[in-house]
J.: 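Have a look at this one before I ask anything.
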Amino acid sequence: MSYFTFEHEADTGIRGEGKTLEEAFQETARAMFSVMANLEKVEEKEKVSGKTEGRDLISLLVNWLNQLLAEKDINGMVFKSFNVKIKKEGEGYSIEWDAWGEEMDPEKHQLDIEVKAATFHQAAVEEKNGKWTAQCIVDV
Amino acid sequence: MDVSMFTKINDYEWMIPKKGDMRVPGIVFGDEPIIRDLDEKVWEQVSNVATLPGIQLASIAMPDAHWGYGFPIGGVAAFDPKEGGIISAGGVGYDISCGVRTLKTNMKKEEVLPKLSELMEELFRTIPAGLGSEGEITLTKDQEDEMLAKGAKWAVEQGYGTEEDLEYTEMHGTAPDADPSKVSDLAKKREKKQAGTLGSGNHYLEVQWVEEVYDPEIARIYGLEKDQILITFHCGSRGLGHQVASDYMKVLDQAAPKYGIKLPDRQLACAPIDSQEGRDYWQAMNAAINNALANRQIISHLARKAFKRVFPDAELPQLYDTSHNTCRREEHVVDGVKKIVYVHRKGATSALGPGRPEIPKAYMNAGQPVLIGGTMGTYSYILAGTREGMEKAFGSACHGAGRRMSRAKAKKTWKGEQVIRDLAERGIIVKAHSFRGAAEEAPGAYKDVRQVVDAVHNAGLAKKVVRVRPLGVVKG
């Protein structure tokens, strides 16, 4: 497992790690959904795809995570795994993404509290000795 | 934190002197123990807010202040558009117009107790709550736009509640300048099935009784008496509000550098009130406020329906509805001059003093009701706004107890099942959609609401009217 949550006084921090930038993003999204559901109980039955942009990598991360929260509400789904492609585009970045999961089922997925939004608070995307980390605080 | 970082003004007011880029000083309200317990990040965030253009009087924090994103939670700041004042999405928060509504009843505690369990079951079944819950109505796009423009008034027109409810809702149930066209399609799509749902996390509905009356005269004006049963619930603007906040955080993040605004923290993203971006956010935010007001109006209707199924003769008039994540255009006197300012209250409640035109006529001499949610095991309070609070904090008070323990730590410390059993032993029935959620909201995870409310009262920001205790809780 390379996704984590970390403590914050009123809210919760989420962090993903990976060998690549893409992996770190994917794991951060898993961390976010792990706040809301028991991911072990979620099956990868359906896919939702899209493209999101950001003026830098931190905006890209925050924008994408918020996009996933919107997709959760609109499709009534909980997501478990992700596949993304990140590109430098013009002045900023874009992320093409697939998210797999299934229709939300409060009992089956042991749904917990809702993440309202991903924030720029303590948001970071960085590479150190070949390891990428992405993180931010989510508002719950 | 180190009390010497503040200049003590009196026992309940502590100043952060102006330094560096700060345009005004910071003021934190609280007694000395509260200040000692304060997170250093709050000190930093109060100082950061003080650097924003057009800020008036002081960057203020309430006694329940804790570390937020950009603005502290419990932060109050007013900006004058004529002095280049800004509007900030970070100063309102993600759950726009998250707030509290209280319904009164004509019943006493001893009349309700024999059927409490049945009542809680009925409320739990009737009010959609918890992650993934859907409301009983699915809105068409036109209905949604009308709701965003008219707020609680729209809900009353649809048959959810009465005209009288609007009299006892801030802004008569409709936020001004709301423009549905400034709300993204994505935000609207998120709302489609969420109208009339409570949400999760710290959102709840409680059946409470008035345990103590502090101010008999104001209690009489509000229609409150000892042992009376009340229903109070806490919820906000759901996915739509969160999306409006995220959308405009992006817009304002780009606008700030464009207008040459230097931000010490990116979450303070803002634009001048008199700019396209600032106006757009103002209109979208007010639409989100209307969404929250309509949401609470529908929940009121559902709560009344459930209550009357158990007690058919019950009457449930509304005491008040107040929001604690907002920005409002209000008239205030600053340094002896009347000004129109935009007051940001993030995790802070409006507490306008007697005589203000915003207050319902019946409450005019008492001041605006201030509804303070405690924790599910302890108490909640109803206070009244004061004239002194108008001068000190733009008519604002605290909004709750404030967390003292992170959610992760609370989950490690308590099991949800145990929390619910312990409360049951003390006569409080908790119906929860998530056990983990119940653990995170355990009474011990919060500061003592009594200490926070006493500090607000003693600082003169608002005065205590009654204290209420929960009998039953529906947790989202």
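Just the heavy atoms: all of them, side chains too, but no hydrogens, waters or symmetry mates, feed the values below. Below, chain A is the first sequence line, B the second, and so on; all start at residue 1. This structure is a prediction, so every number in the text was calculated from the model and none was measured.
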J.: Contact between B:Phe435 and A:Gln110 at the side-chain level, heavy atoms closer than 4.5 Å - yes or no?
T.: no
J.: In the structure I gave you, are the side-chain heavy atoms of B:Asp253 and A:Phe120 within less than 4.5 Å of one another anywhere?
T.: yes
J.: Any side-chain donor-acceptor pair under 3.5 Å between B:Arg266 and A:Thr119?
T.: no
J.: Report the C-alpha distance between B:Arg407 and A:Asp112 in whole Å, list the side-chain angles of each, state the deciding distance to 0.1 Å, and finish with yes or no for salt bridge (Lys or Arg N to Asp or Glu O under 4.0 Å).
T.: CA-CA 12 Å; B:Arg407 291 176 179 279; A:Asp112 192 358; over 6 Å; no
J.: Would you indicate whether the side-chain heavy atoms of B:Lys250 and A:Asn66 approach each other to under 4.5 Å?
T.: no
J.: Which bit of B:Lys412 comes within less than 4.5 Å of chain A, counting heavy atoms only: side chain, backbone, both or neither?
T.: side chain
J.: Using non-hydrogen atoms only, which part of B:Lys192 is less than 4.5 Å away from chain A: side chain, backbone, both, or neither?
T.: neither
J.: Does any backbone or side-chain atom of B:Gln194 lie under 4.5 Å from a heavy atom of chain A? Answer side chain, backbone, both or neither.
T.: side chain
J.: Output the option from B:Glu440, B:His433, B:Met249 having the highest count of non-hydrogen pairs under 4.5 Å with chain A.
T.: B:Glu440
J.: Hey, which of B:Gly437, B:Ala410, B:Gly201, B:Ser246 has the most heavy atom pairs under 4.5 Å with chain A?
T.: B:Ser246
J.: Is chain A contacted by the side chain of B:Lys411, its backbone, both, or neither, given a heavy-atom distance below 4.5 Å?
T.: side chain
J.: Check B:Arg403 with A:Asp11, please: is the shortest side-chain N to carboxylate O separation under 4.0 Å?
T.: no
J.: Quick one: does A:Lys72's side chain get under 4.5 Å of B:Leu131's, heavy atoms only?
T.: yes
J.: For the pair B:Arg238 and A:Glu114, find out whether any cationic side-chain nitrogen is under 4.0 Å from an anionic carboxylate oxygen.
T.: yes
